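Read the structure below first, then the notes.
Counting starts at 1 for both ligands and their atoms, in listed order. These numbers come from the heavy atoms of this one structure, side chains and all, not from hydrogens, waters or symmetry mates. Just so we're clear, the structure is a prediction, and the values are computed from it rather than from any experiment.
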Amino acid sequence: MELQLLKKVPIFTALKENQLTHIVKYCITKKYAKDQLILVEEEAGKTLFIIYKGRVKVTRTSDDGREVILSILESGDFFGEMSILDGKARSASVTALEDSELLLLRRGDFLQLLEDFPQIAIALLKELASRLRKSDSQIKSLSLQDALGRVSSTLILLAEEIGKMKDEAVLIPKIPLQQDLANMAGTSRETISRVFKSLEEDGYIVRQGRKLRIPNYEKFKMIFS
Ligand code: CMP
């Protein structure tokens, strides 16, 4: 089962079947319940995690105790690489958003794999570049934009991370709770609710329960990013 998953993990896609079989030997599987803390900010990091099933949120706690969501990761994504690479403490906390199953790789084994298979290192750098780009646009939206800009930038971030493209539209199957969205956008729950209502009235988004659809995603991005 791990082999099937590893084939889909972007940092491993360049590898051949026999190389993946080799990697599977180093992995162990672990289950986490919804809301369970997987790793904690400031702890020492000894493990790399790959999401087999489920979704997690990456968060930091602000000085006044508010939780800020940095990212939501899902099946095929990895986390925990930062402290493995630089040897420093965990940069953020990670919590399961739903019942999840993860593959764990020990620090020494992962570093060895990077040496043995340079394709993994290249794919890892590519993913880190993409995360840095997202962080750059988050910084831009938090520092420059008004409430509408912040909320729509958060929607674009979610669409890029967990959205499913269909023709011109993008569907975010399970949008985070309004308080979580507020923490991501650096605004209040009331503002999220007000901006969503106005975006909905103008036809930019369509909501149905926890599903959110952006009917014309390219146009949305052009207007709001
Ligand atoms: P590490 O610092 O070991 O532990 C926390 C993990 O959260 C970190 O590695 C990354 O894998 C992940 N992480 C931290 N910041 C971000 C971010 N901005 N976007 C996505 N993942 C992140």
Side-chain angles (χ1 to χ4, degrees), residues 5-6 8-12 23 26-28 30 32 35-63 66-98 100-114 120-143 145 150 153-163 172 174-176 180-187 225:
L5 168 76
L6 286 186
K8 284 192 245 150
V9 176
I11 52 169
F12 296 137
I23 294 176
Y26 294 109
C27 294
I28 60 160
K30 206 166 161 188
Y32 291 86
D35 297 330
Q36 191 177 344
L37 208 51
I38 301 167
L39 60 83
V40 186
E41 189 177 339
E42 300 300 345
E43 273 184 4
K46 299 190 186 74
T47 316
L48 175 90
F49 297 81
I50 298 164
I51 306 175
Y52 175 54
K53 268 191 206 141
R55 284 193 315 156
V56 304
K57 63 176 176 180
V58 180
T59 60
R60 287 194 74 154
T61 309
S62 65
D63 292 341
R66 275 185 315 128
E67 179 188 82
V68 181
I69 299 186
L70 302 175
S71 184
I72 293 181
L73 304 173
E74 59 179 2
S75 180
D77 289 330
F78 62 86
F79 59 89
E81 78 295 344
M82 288 171 64
S83 45
I84 284 186
L85 292 170
D86 67 10
K88 294 188 180 159
R90 294 293 192 195
S91 61
S93 297
V94 180
T95 312
L97 279 175
E98 45 196 60
S100 301
E101 217 171 313
L102 310 180
L103 298 184
L104 279 59
L105 257 173
R106 281 184 308 193
R107 177 169 198 262
D109 292 339
F110 182 62
L111 293 177
Q112 188 60 48
L113 287 174
L114 291 180
I120 301 181
I122 293 168
L124 179 76
L125 287 171
K126 214 168 143 188
E127 176 57 28
L128 292 183
S130 144
R131 288 185 187 177
L132 186 57
R133 277 182 195 277
K134 282 182 198 159
S135 298
D136 286 351
S137 35
Q138 260 172 322
I139 292 169
K140 182 181 146 198
S141 86
L142 288 176
S143 54
Q145 295 178 349
R150 288 179 185 202
S153 299
T154 303
L155 284 180
I156 293 171
L157 186 78
L158 283 167
E160 300 290 329
E161 280 181 345
I162 55 173
I172 304 172
K174 206 167 169 194
I175 195 95
D180 288 336
L181 286 169
N183 294 345
M184 287 179 87
T187 182
S225 64

Anything under 30° is parallel, anything over 60° is perpendicular, the rest tilted; go ahead and classify Phe49 against Tyr32.
-> perpendicular

How close does the nearest protein non-hydrogen atom get to [atom], and which residue and atom is it?
atom: atom 17 (C) of ligand 1; result: Leu70 CB, 4.2 Å
atom: atom 11 (O) of ligand 1; result: Glu81 OE1, 2.6 Å
atom: atom 20 (C) of ligand 1; result: Ser71 CB, 3.5 Å
atom: atom 13 (N) of ligand 1; result: Val58 CG1, 3.6 Å
atom: atom 6 (C) of ligand 1; result: Gly80 N, 3.9 Å
atom: atom 4 (O) of ligand 1; result: Arg90 CD, 3.3 Å

Distance check, rounded to the nearest 0.5 Å: [X] atom [atom1] versus [Y] atom [atom2]?
X: Leu70; Y: Met184; atom1: CG; atom2: CE; answer: 8.5 Å
X: Leu73; Y: Ile51; atom1: CG; atom2: CD1; answer: 5.0 Å
X: Ser100; Y: Glu74; atom1: OG; atom2: CD; answer: 11.0 Å
X: Thr59; Y: Asn183; atom1: OG1; atom2: CG; answer: 9.5 Å
X: Ile72; Y: Asp180; atom1: CD1; atom2: CG; answer: 7.0 Å

Looking at [X], which atoms of ligand 1 are within less than 4.0 Å of one of its heavy atoms?
X: Phe79; value: 11 (O)
X: Arg131; value: 11 (O), 20 (C), 21 (N)
X: Leu39; value: 4 (O), 5 (C)

Taking 4.0 Å as the limit for heavy-atom contacts, which would you say applies to [X] with ligand 1: side chain only, backbone only, both, or neither?
X: Ser91; result: both
X: Met82; result: both
X: Ser83; result: both
X: Glu41; result: neither

Hey, is Arg55 close enough to Glu98 for a salt bridge, meaning N to O under 4.0 Å?
-> yes

Cationic N near anionic O, under 4.0 Å, Arg131 to Glu81 = yes

Looking only at atom types and distance, does a side-chain atom of Arg90 sit under 3.5 Å from a main-chain N or O of Glu43, one as donor and one as acceptor?
->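 No: the side chain of Arg90 does not pair with the backbone of Glu43.
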
For ligand 1, is there an N or O atom under 3.5 Å from any N or O atom of Ile84?
-> no

Which atoms form the tightest heavy-atom contact between Ile38 and Ala96, and what is the distance?
->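 Looking at all heavy atoms of both residues, the shortest contact is CD1-N, 3.8 Å.
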
Could you tell me whether ligand 1 has any atom less than 4.0 Å away from a heavy atom of Gly45?
-> no

With atom 5 (C) of ligand 1 as the reference point, say which of Ala92, Ser135, Ser130 has the nearest heavy atom.
-> Ala92

